[in-house]
Amino acid sequence: MESHGSESYFVLDEGLLADSVGGREPTLAAAEEDQVPPFRFTRMGPKGTGHQLSDPILKKIAIAMTAGGGGSSQVPAGFTYLGQFVDHDLTFGKTKVTLGQNISPPKLLQARSPSLDLDCLYGAGPTDPASAKFYAPDGLHLRMGKTVAADGIPAKDGFDLPRGAGKTAKAKRRAVIPDPRNDEDLAVGQTHLAFIRFHNRVVDTLPSSISPAQRFAEARALVTKHYQWMLLTDYLPRICAPRVINNVFTKGRKVFEVGAGPADVPTMPIEFSVAAFRLGHSMIRRTYNWNKIFDDGFGSLDLLFIFSGGSGDLGGNQRLASNWIADFRRLCDFEEAGRPGLTVPEAKFNRAMRIDTTLVTPLRNLPGLPADEANLAFRNLSRAKMVKLATGQQMAAFLKNKGVAVTRLSKAQIRDGNKGADLDSLTQSQRAAFLRDTPLWF
């Protein structure tokens, strides 16, 4: 079981904070682990007082939060899993790839920082022995996999992640990609595959004037710049208020690493990792009109876990079945990109659930975990408690003191919400404690 695993946090000036509930299989031996620079988190705001909330309160809140999503948004559902891909890119895990045998220590340290550089796609590059397995023999193209014929759809090259490197059935199913988390569910896996296909197309369309020695570096640079441009112009405006984005990019940062130079190695604010960017959990749908085979909501979230190599068994196959190839016309609005021919009727289109304090019910029972650890909301709340994350009230006060125009929510607003989680299950004293020290993620 590799999905939904434990996370540890090396916070500057605080040291390593203990692992949370659950656990992934280790990817490094102990001696190798010591060689890899720790992923560097910082605490942007104050230490929290919300750790005083007891587990019984957090469990009640978690159950209330996973009672069903609050309704669809106007955001295409593909952005849910693009966000998951971005999260993995920003927090690229400790794997053998990060040892980077041909990479200098400064570059290795940079790779262990939250940079939007697609290391989860490229690893340490085709010349590094640990990353060579991700590449075709030419050292330019990224490897792709072939599906298994199903439902009258023949096996198709290039429509699954590359697999088959292990000796056991489970290992053979596992995707051969730098970050195994991108095989946790079928949606993020197909998103990762789309980036592989994009890179390979860029390689094939580079001008012949570019020398063979420079072709990979040029392709990676182009793909990474397109990726960063897409996040700035298309992804962020869908999850943030445009005025906030404009303010940051025109007036600079007011709180986080103010004055940092372009050559400085960035860190990850723990408030972002453990709370803010977990907004994507509320965007997940219970069912999807996945493709013409699994239509009308038959592409359930449970099946998206099953037809992956990390959380499931690919439906008993060694590779993805052809009837589970994603129809991205149902996940992304290509008409917005000027391609009206690549559309489906609105009834077939999947939109993300709105960003609020509710999660769909399947996230109450994540696959492969003990019952008391399987609720995703409880895992998030417990993780915040583990790292003593600031409460919502503390962060609102902190940001306001830094000159950020933010309005603190009242207790009534938190309690009543906007069609969010129903807190009636809390006792009066529990509700009072929760409204005083509200978890930042909530």
Side-chain angles (χ1 to χ4, degrees), residues 1-5 21-22 24 62-72 76-85 87-88 147-148 150-151 153 160-161 163 169-170 173-175 180-193 278 280-328 330-331 348-354 358-380:
M1 179 66 186
E2 293 214 357
S3 61
H4 323 298
V21 292
R24 278 192 179 89
I63 291 173
M65 293 185 73
T66 51
S72 295
F79 286 95
T80 306
Y81 299 96
L82 173 63
Q84 186 179 14
F85 179 88
D87 176 67
H88 295 168
T147 60
V148 176
D151 268 332
I153 303 173
D160 187 19
L161 294 169
R163 305 181 189 276
K170 178 181 178 181
R173 287 193 296 265
R174 186 173 297 132
R181 294 174 297 176
N182 284 348
D183 194 26
E184 283 183 353
D185 65 71
L186 180 57
V188 73
Q190 291 279 286
T191 300
H192 186 108
L193 179 64
R278 294 180 189 245
H281 291 163
S282 67
M283 299 172 70
I284 296 171
R285 296 181 59 85
R286 180 172 185 168
T287 62
Y288 293 85
N289 301 320
W290 186 248
N291 56 30
K292 68 178 182 179
I293 304 297
F294 295 95
D295 201 0
D296 298 325
F298 282 99
S300 69
L301 184 58
D302 291 339
L303 289 174
L304 295 189
F305 282 125
I306 289 172
F307 282 89
S308 71
S311 297
D313 65 353
L314 295 172
N317 294 312
Q318 293 295 307
R319 293 171 280 143
L320 181 68
S322 291
N323 57 352
W324 276 103
I325 296 171
D327 182 352
F328 275 100
R330 297 163 178 252
L331 298 168
K348 303 297 183 183
F349 192 74
N350 300 282
R351 298 197 179 274
M353 304 302 283
R354 69 177 195 158
T358 61
L359 281 65
V360 292
T361 50
L363 297 179
R364 185 179 290 187
N365 294 291
L366 294 174
L369 292 172
D372 60 342
E373 299 176 2
N375 187 306
L376 180 59
F378 180 68
R379 296 175 70 82
N380 286 344

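Keep in mind it's a predicted model, so treat the numbers as computed, not measured. Just the heavy atoms: all of them, side chains too, but no hydrogens, waters or symmetry mates, feed the values below.
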[X] versus [Y], closest heavy-atom pair with distance:
X: T287; Y: G297; answer: CB-O, 3.1 Å
X: Y81; Y: T191; answer: CB-OG1, 4.0 Å
X: L161; Y: A175; answer: CD1-CB, 3.8 Å

Would you compute the distance between atom [atom1] of [X] and atom [atom2] of [Y] and round it to the nearest 0.5 angstrom?
X: M283; Y: L82; atom1: CE; atom2: CG; value: 9.5 Å
X: D160; Y: L314; atom1: CG; atom2: CG; value: 7.0 Å
X: I284; Y: D185; atom1: CD1; atom2: CG; value: 7.5 Å
X: F85; Y: T80; atom1: CZ; atom2: OG1; value: 15.5 Å

Heavy atoms, side chains only, cut-off 4.5 Å: are [X] and [Y] in contact?
X: L320; Y: V148; result: no
X: L331; Y: Q190; result: no
X: W324; Y: L303; result: yes
X: M65; Y: S282; result: no
X: R286; Y: S300; result: no
X: H281; Y: N380; result: yes
X: L359; Y: L376; result: yes
X: K348; Y: K292; result: no

Check: [X] side chain, [Y] main-chain N or O, donor-acceptor pair, under 3.5 Å:
X: R285; Y: R351; answer: yes
X: R319; Y: R163; answer: no
X: N182; Y: V188; answer: no
X: D183; Y: S308; answer: no
X: N350; Y: R330; answer: yes
X: N375; Y: A377; answer: yes
X: E184; Y: G310; answer: no
X: D302; Y: P362; answer: no
X: N365; Y: A374; answer: no
X: R364; Y: T66; answer: yes

Would you please say whether a donor-acceptor pair under 3.5 Å links the side chains of D151 and N323?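 The answer is yes; a qualifying pair exists.
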side-chain contact (heavy atoms from CB on, under 4.5 Å), that's the test. Do T147 and N317 meet it? Break it down for me. CA-CA 10 Å; T147 60; N317 294 312; over 6 Å; no
Out of W290, F305, Y288, which residue meets the side-chain contact (heavy atoms from CB on, under 4.5 Å) rule with L186? W290
Give me the ring orientation class for F294 and F307: parallel if the planes are under 30° apart, tilted from 30 to 60°, perpendicular past 60°. tilted
Check this for me, if you would: do D313 and K170 make a salt bridge, where the nitrogen-to-carboxylate-oxygen distance has to be below 4.0 angstrom? no
